[in-house]
Amino acid sequence: MTSKLQAFLNKYPWEKHKLKNQKPLDFIWEFDLEVSAKELWPHLIETSKFNQALGLPKMNFEESNGRLHGTATNAGFRQAWVEDKWQWVAQKSIIGGRTYSEGFGRYVRVIYDLQESSETKGTCLTVYFGWLPRNFFSRVLLKKSMSWLKRKYSGLLTEITGKISQKKPVYEDKNTDAINNSSEQRLQYYEEKMGQRNLDDVAVRELFNFIRTSAEVDAYRIRVPELARKKGVDENRLLNACLHATRLGLLHMSWDLICPHCRGVRKQYKSLKDVETEAACEACSIEFGSDHENALEIAFHIDKEIRDVAQVFYCAAEPSTKEHIKFQQVLEPGEERVISPGVSTGRYRLRILGSKDYQYLDIFSDSEKESIKWNPDEKETYKAGLESNVILTNSSESQKTYIMEDVGWSDLALRPPKLFNYQQFRDLFSEEFLDARVHLSVGKQAILFTDIVGSSEIYIQNGDPKAFAQIRKHFDIIYPIIAEHDGAVVKTMGDSVMSAFTDTLDAIKAAISLQECFSPSRADLNLRLRTTLNVGPCIAVNLNSNIDYFGSSVNAAAKLQAHAKSNQIVFTDAVWKEPGVETYCKNIGATLESSEEKIILNLIK
């Protein structure tokens, strides 16, 4: 055994029960790459795309009892295995393992170790494969195949490094199987239908290009924010195109229940009304409800008559599907391990796999603390510095998995608050509603109420037919203004309107536009509005088969109506404190009054 291999195995020792007195077949390769670990890491953890680029075969995975069971056919031989729990420290190491029931080996252990050079600013990537061959024939075959694999690694890593340096996409985003003639004719039919609707040409073109050309691993599940960012398209315009494509039957919408720990899709529903209140994640050993804020994601799927896209794997790719997890480490009873996370400043969560309990770790730039010793039984918030180590100790009598993760959630997912506050969704999919038992948290929402001032007098003075015509016209004016400011009308109550916005500043701008439309200077419409706003957490519920918002935040916005007069916008102090609101209100030429935790904005026209 070389000194280099020995040093590596001292750092990453084998578990004795895995070896079973068998000497492993070791392969260790070093690659000096002229990119930083931070630049390399996102492409290295995309192990499914990485393996596809290497030329490895497709794999099939099934989850059973919280473990991933995989199969593949390699060089005509069937392989079947169970995946170990992946271990990693972001931008530093990945450890994986497989126990084979069929194939060349009984077990394989794979390790990536990344070490940055302070002199060259590059990265030394060490790749280790440790095989326990099934027999002599397997040992000979593995030696030959690993020589081939080393050459493939060398070529691919050189290619990846070059593309990173040139700021080019690393992996090919192309469909290797051409769309057949029948599917192409259907696509052209849908393109014609979409062209007849008032949709953004660029968004429609990029959507159809993605349907035709995207790689299988990307095409299975379309996440609108992620695709919009990737293609440089406005997110709302792409969402609008996807909604219309769904209405036509080109796409299908799924409501995906997300595990709050691994953040993977645990169940897919074809309709919102089918979403259940309870779910479980075997891999994380937890049960959870659909009532937490990020419980649901909305994705789109290509119709199978156009392109039958299966969920394709070339690897389990666990680190890439859990990018929020900064380290995941498996410790045996009595084991101690020191981890150097090397993360940026901010708040992180520490937890044990299978437990709903957690602690916080706050990272500060000015802390010089060398290490913290994490005790999962303590109820405290730890404080550490950028270079601090985290000491893990498993004092229990069973194996434990230790996890450090981001507190925040990805902004690449389309979630109910965004969709519910999008008027096109409510117009196109009015049949979508929640099960009466489901109370879905939609997080912080800006709630806007409008009401006509003196509506009873309008009916008395004008008579019912003329008054109703004016009230109806007022609704026709309000709906597009709300939509233009990225909000949605939740419901109408008599001549009152309740609408919701994800962004509070959008709600303020919408309120101002509404008051300008119903200003005293307008001679053709003798209606005036009182407008009120509040911002805060809400829940979405089923009311009369519609998606409605409830909660104290909604009640507060409604109660402010008693304090609002014609041409006024009254809002809470919480609205005033939202980003951009104070600056915007002071710059539009309006007077402001403050009284008892409410602010009155008078427009000067």
Side-chain angles (χ1 to χ4, degrees), residues 42-43 45-46 48-49 169-175 199-200 202-247 250-260 262-272 275 290 292-304 306-307 309-313 317-325 406 408-422 424-425 428-429 432 440 442-443 486 502:
H43 311 294
I45 63 173
E46 283 275 14
S48 191
K49 290 184 177 181
V170 168
Y171 297 112
E172 291 293 328
D173 185 19
K174 291 184 179 179
N175 177 22
L199 301 171
D200 181 75
V202 175
V204 171
R205 183 173 65 249
E206 288 294 347
L207 175 60
F208 276 88
N209 183 54
F210 179 83
I211 291 171
R212 285 188 172 97
T213 66
S214 59
E216 280 186 299
V217 292
D218 297 320
Y220 173 72
R221 185 170 179 261
I222 302 172
R223 302 169 88 195
V224 169
E226 184 176 28
L227 182 60
R229 191 173 300 180
K230 190 174 183 179
K231 298 296 183 182
V233 181
D234 180 83
E235 184 182 323
N236 283 344
R237 292 175 181 178
L238 182 60
L239 173 58
N240 197 21
C242 288
L243 291 173
H244 279 269
T246 302
R247 211 71 196 130
L250 170 60
L251 299 179
H252 300 282
M253 200 185 313
S254 71
W255 301 82
D256 301 344
L257 199 56
I258 305 298
C259 170
C262 68
R263 303 185 187 179
V265 177
R266 306 320 301 168
K267 204 162 185 180
Q268 292 184 325
Y269 303 94
K270 292 182 179 179
S271 176
L272 179 59
V275 174
S290 58
H292 73 85
E293 186 175 340
N294 298 292
L296 282 181
E297 288 185 13
I298 299 92
F300 295 87
H301 302 268
I302 302 168
D303 182 69
K304 291 184 178 181
I306 297 295
R307 188 175 169 193
V309 183
Q311 192 168 11
V312 177
F313 301 96
E318 192 163 348
S320 71
T321 62
K322 301 177 182 177
E323 289 190 68
H324 63 290
I325 294 180
D406 274 330
W409 284 66
S410 168
D411 61 353
L412 296 178
L414 176 61
R415 297 190 175 92
K418 169 75 174 179
L419 199 60
F420 293 168
N421 291 355
Y422 192 63
Q424 284 281 359
F425 166 72
L428 288 169
F429 296 90
E432 286 286 7
L440 190 67
V442 290
D486 294 333
T502 305

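FYI, the numbering just counts along the sequence from 1.
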Subject >> Results of side chain to side chain donor-acceptor pair (under 3.5 Å) for R266 - residues two or more places apart only >> reply: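 Testing R266 for side chain to side chain donor-acceptor pair (under 3.5 Å), a comparison that skips the adjacent residues, returns E63.
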Within the structure provided, determine whether [X] and [Y] are in side-chain contact (heavy-atom separation under 4.5 Å).
X: K49; Y: V170; value: no
X: Y422; Y: T502; value: no
X: V275; Y: L440; value: no
X: K418; Y: D486; value: no
X: N294; Y: I258; value: no
X: L250; Y: F208; value: yes
X: L257; Y: L296; value: yes
X: L238; Y: F210; value: no

Original post:
Within the distance-only criterion (no hydrogens, no angle test), does the side chain of R307 pair as donor or acceptor with the backbone N or O of I211 below 3.5 angstrom?
Top reply: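 Answer holds: yes.
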Subject >> Side-chain donor or acceptor of D406 paired with backbone N/O of G408 under 3.5 Å >> reply: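 Not confirmed, D406 side chain does not pair with G408 backbone.
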**OP:** Give me the one residue out of R223, K230, R229 that meets salt bridge (Lys or Arg N to Asp or Glu O under 4.0 Å) with E226.
**Re:**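 So the option named by the test is R223.
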**OP:** Could I get the full list of side chain to side chain contact (heavy atoms under 4.5 Å, CB included) partners for R247, not counting sequence neighbours?
**Re:**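 Here the qualifying residues are R197, L428, F429, E431.
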Subject >> Partners meeting side chain to side chain contact (heavy atoms under 4.5 Å, CB included) with H252 (sequence neighbours left out) >> reply: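 Listed in chain order: D303.
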**OP:** Indicate the ring-plane relationship of F420 and W255, choosing parallel, tilted or perpendicular according to the 30° and 60° boundaries.
**Re:**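 The rings of F420 and W255 sit tilted, inter-plane angle from 30° to 60°.
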